[in-house]
Undergrad: 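Okay, handing you the structure first.
Values reported hereafter were calculated over all heavy atoms of this structure, with side chains retained and with hydrogens, waters and symmetry mates removed.
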Amino acid sequence: MTLASLAVQLLNGLADASAMFLVAAGLSLIFGVTRIVNFAHGSFYMLGLYLAYTLVERLGDSLGGYWGAVLLAALVVAVIGAVVEMTILRRIYHAPELFQLLATFALVLVIKDAALWLWGPEDLFGPRAPGLAGAVTVLGRRLPQYDLLLMAIGPLVLALLWLLQHRTRWGTLVRAATQDREMLGALGVNQAWLFTGVFALGCFLAGLGGALQGPRLPANLALDMDTIGNAFVVVVVGGMGSIGGAFAAALLIAEIKALCIALGNVSLWGVEISLSRLTLVVEFLVMAAILVVRPWGLLGQPLAAARSSVAHVLPLPVITPAARRFGLLLILLLLAMPLAATAFPYLPVLMIEILVALLFAASLHFIMGPGGMASFGHAAYFGLGAYAAALLAQKLHWPLAAVLVAGPLAAMAAALVCGWFCVRLSGVYLAMLTLAFAQIVWAVIFQWDDVTGGSNGLVGLRAPDWLAQPVAYYYLALACAGIGVWLLQRLLHAPFGLALRAARDAGVRAEAVGIDVRRVQWMAFAVAGLFCGLAGVLFAFSKGSISPEVAGVNRSVDGLVMVLLGGVQSLFGPLAGAALLTWLQDLVARETDYWRAGLGLIILALVLLMPGGLSGLWRRGKAEAEARS
């Protein structure tokens with residue numbers, strides 16, 4: 001590696017930093033003012049790239065046509081963002097923040113299928129920017145001219161945003177809303193239009209970031225999820241709501257990734273280490289390191305609590321005789337379910353998937369509901385349980401009974417490590433640190449070809465012959481899921497569950513009466529990891545094969561959707577949400593090619609009509625019935 005090639009690689013990193021900053025700046029603005037963790041921000045970036053491709057075709061690739069198309073694409077994305085804010089998000093600002101996250105995830109599904117319908121599944125390659133198709137020589141190396149332009153655009157946008165925030169009245173209101181939006185409303189400021197303007201500006205920046213990537217990237221349907229992960233990392237590392245922090249974080253992460261690519265393989269104490277492979281996960285390693293040392297990011301600060309957005313504090317649900325009778329009836333129905341297999345052969349397979357989802361969602365609810373700790377990376381324990389069991393069964397030929405114990409214990413060990421760091425944080429920072437750990441786990445699984453099979457995964461997992469039939473395996477899954485849910489319910493009503501709720505609702509008071517809050521929350525991570533790992537083992541042997549996707553971010557998001565659809569206030573909620581989402585995914589996917597949009601619209605309708613989830617609807621109906629009586 002010569003000094004010249006290293007310098008050119010670092011210059012390429014500057015271009016990548018500008019692209020990351022544009023997206024992260026918009027996300028940071030939106031979160032700072034509205035407190036919405038906008039999961040659809042990557043979708044607006046993707047729309048900007050698709051729209052720029054179409055508009056360049058319509059307006060031509062001349063100098064005026066090309067740059068006019070880029071600007072117009074960003075403006076169209078801003079308009080779409082404003083419409084989304086006014087029609088959907090404005091209705092749920094007073095809902096818990098995680099339900100707002102659920103609504104923006106539904107938008108991801110709708111926008112993805114809209115893009116599929118409009119532009120098709122193929123990658124679309126845009127033309128080169130006029131006058132910038134060549135390269136310049138820097139230290140004897142060729143550097144694309146377009147990258148030089150991107151290097152200038154990032155600092156320019158940063159300067160313009162600073163002027164907007166510090167030299168205009170609107171910018172002053174934005175900064176005030178970032179500090180205390182309720183107080184701003186009390187002073188008579190029209191919050192609704194301020195939120196709309198901020199959301200539109202954030203979407204404009206995302207759309208501009210996407211449109212500018214036309215000469216560097218093809219437009220494709222995977223950009224939304226790929227982009228939002230990087231944007232979250234940049235925003236969290238820089239500090240939520242800090243534009244300057246986002247710029248510093250984008251520079252730091254882009255240059256570290258460029259350095260890893262430039263150095264390639266290095267030898268450390270006689271061990272050959274491939275730094276280029278770290279590019280898949282280096283941003284998450286950086287985020288984990290910074291959050292452990294500086295919990296609020298590089299230039300961030302503790303966030304003012306949104307007074308109206310948290311609705312966790314409820315009394316411990318009482319198990320009434322009617323609830324016990326309903327539970328007994330449900331168990332009898334589940335035991336009799338295979339009787340319908342002759343008429344519906346696919347039913348046992350679907351029910352196994354639902355039972356695995358039930359256990360997965362119940363374990364996530366344990367730390368989200370009673371613990372008050374949102375996890376964006378819960379799939380890490382699911383994947384570790386699945387892979388640990390698969391490796392023990394294939395490499396060491398352990399029986400299924402042994403791996404049903406060892407797999408969950410491996411997941412619990414990982415949860416103990418992750419939880420030890422995570423319980424030192426709170427809110428979105430805690431959630432993002434769980435995501436960082438999950439992405440590290442996914443990267444290890446994806447790249448450790450000799451052990452995990454890499455991207456091909458592991459195949460040939462076989463349950464014993466007596467469990468080979470779906471009906472027999474269904475009863476095993478029912479027993480494991482039933483025992484797991486029962487144990488979690490018992491823990492919730494035990495002194496440990498009461499201490500966990502106390503730590504969630506009044507941490508300072510809990511410490512004052514002798515409860516070790518961090519220790520209780522840490523143990524909750526371990527319990528959740530144990531039962532999530534059990535779900536992963538059941539999944540692996542029901543499918544017969546596993547791949548790195550079992551620990552991917554999409555599975556973690558599915559878990560969040562299950563819990564939030566059902567409601568976080570009781571264990572019944574995530575169980576109902578898991579069953580509903582799994583059934584909807586199966587039903588809608590078989591009925592239409594655009595199943596994501598259908599599922600997204602259903603989720604949006606449920607969020608708008610039932611902001612407390614299914615369990616919230618049940619409580620509301622019960623309260624109304626009691627009032628009438």
Side-chain angles (χ1 to χ4, degrees), residues 10-34 38 41 44-45 48 52 63 66-75 77-78 81 129 131-132 136 143-179 194 197-216 227 230-231 233-256 258 297-301:
L10 293 177
L11 286 175
N12 284 328
L14 292 177
D16 293 335
S18 287
M20 280 196 288
F21 168 67
L22 287 177
V23 183
L27 183 62
S28 187
L29 270 174
I30 290 172
F31 179 84
V33 174
T34 68
N38 182 20
H41 203 67
F44 292 117
Y45 170 90
L63 184 64
Y66 182 89
W67 292 110
V70 168
L71 183 59
L72 184 57
L75 289 172
V77 172
L132 297 171
V136 297
L143 184 69
Q145 293 177 336
Y146 193 75
D147 284 5
L148 294 175
L149 175 66
L150 289 180
M151 293 178 204
I153 287 178
L156 176 61
V157 171
L158 175 63
L160 292 175
L161 288 174
W162 187 90
L163 290 173
L164 179 66
Q165 285 191 310
H166 294 84
R167 294 292 184 268
T168 67
R169 182 178 182 275
W170 188 82
T172 301
L173 295 178
V174 169
R175 287 188 290 118
T178 301
Q179 298 298 320
L194 180 65
V198 168
F199 199 88
L201 177 59
C203 292
F204 174 84
L205 292 172
L208 180 62
L212 288 171
Q213 292 302 303
R216 305 178 85 218
T227 303
N230 291 331
V233 169
V234 171
V235 170
V236 170
V237 170
M240 300 295 285
S242 172
I243 302 299
F247 186 76
L251 281 176
L252 175 65
I253 292 171
E255 291 303 318
I256 291 177
L298 293 174
L299 300 179
Q301 57 185 342

Undergrad: With sequence neighbours excluded, tell me which residues meet ring-ring contact (aromatic ring centres under 6.0 Å, His included) with F247.
TA: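 Per chain and number, F247 pairs via ring-ring contact (aromatic ring centres under 6.0 Å, His included) with F21.
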Undergrad: Would you say the side chain of M20 lies within less than 4.5 Å of the side chain of L251, judging by non-hydrogen atoms?
TA: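 The answer is no; the side chains never approach within 4.5 Å.
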Undergrad: Could you give the distance from CD (Q165) to CG (L160), rounded to the nearest 0.5 Å?
TA: 12.0 Å
Undergrad: Search all heavy atoms of Q213 against all heavy atoms of A19 and return the closest pair with its distance.
TA: NE2-CB, 3.2 Å
Undergrad: How far does CG of L156 sit from CG of L149, to the nearest 0.5 angstrom?
TA: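 So the gap between those two atoms works out to 9.5 Å.
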Undergrad: Could you report the tightest heavy-atom contact between A250 and V234, atom names first, then the distance?
TA: N-CG1, 3.8 Å
Undergrad: Between the side chain of S18 and the main-chain N/O of L150, is any donor-acceptor distance below 3.5 Å?
TA: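 The answer is yes, because a donor-acceptor pair under 3.5 Å joins these two groups.
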Undergrad: According to the salt bridge (Lys or Arg N to Asp or Glu O under 4.0 Å) rule, which pairs have a member within residues 198-208, sequence neighbours left out?
TA: none
Undergrad: Without swapping roles, check the side chain of Q145 against the backbone of V136 for a donor-acceptor pair under 3.5 Å.
TA: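 Between the backbone of V136 and the side chain of Q145 there is no qualifying donor-acceptor contact (under 3.5 Å).
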Undergrad: Sort out for me which residue in V23, L161, V77, L27 forms a side-chain contact (heavy atoms from CB on, under 4.5 Å) with L205.
TA: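 Per the side-chain contact (heavy atoms from CB on, under 4.5 Å) rule, the option paired with L205 is L161, out of V23, L161, V77, L27.
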Undergrad: Does a side-chain heavy-atom distance below 4.5 Å link F31 with N38?
TA: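 A side-chain contact is absent here, since even the closest heavy-atom pair is not under 4.5 Å.
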Undergrad: Classify the ring geometry between H41 and F44 as parallel (under 30°), tilted (30 to 60°) or perpendicular (over 60°).
TA: perpendicular
Undergrad: Determine the minimum heavy-atom distance between C203 and A78, stating which atoms define it.
TA: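 In this case the closest contact between C203 and A78 is CB-CA, 4.2 Å.
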Undergrad: Closest approach of L194 and L173, non-hydrogen atoms and distance?
TA: CD2-O, 4.0 Å
Undergrad: Between the main-chain N or O of V235 and the side-chain N or O of S28, is there a donor-acceptor pair closer than 3.5 Å?
TA: no
Undergrad: Measure the CD1-CG distance between I253 and N230 for me, rounded to the nearest 0.5 Å.
TA: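 Rounded to the nearest 0.5 Å, the CD1-CG separation comes out at 8.0 Å.
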Undergrad: Are the side chains of L143 and M151 in contact, using a 4.5 Å heavy-atom criterion?
TA: yes
Undergrad: Roughly how far, to the nearest 0.5 Å, is CD of E255 from CG of L14?
TA: 4.5 Å
Undergrad: Nearest 0.5 Å, what's the OH-CG distance between Y66 and L71?
TA: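 Answer for the OH-CG pair, Y66 versus L71, is 12.5 Å.
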Undergrad: Tell me which pairs pass salt bridge (Lys or Arg N to Asp or Glu O under 4.0 Å) where either residue lies in residues 146-162, with sequence neighbours left out.
TA: D147-R216
Undergrad: Quick one: CE on M240 to CG on L299, what's the gap to the nearest 0.5 Å?
TA: 14.0 Å
Undergrad: Looking at side-chain heavy atoms only, is the closest gap between V174 and W170 below 4.5 Å?
TA: yes
Undergrad: Any side-chain heavy atom of L164 sitting closer than 4.5 Å to one from L201?
TA: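 In short, these two side chains touch, coming nearer than 4.5 Å.
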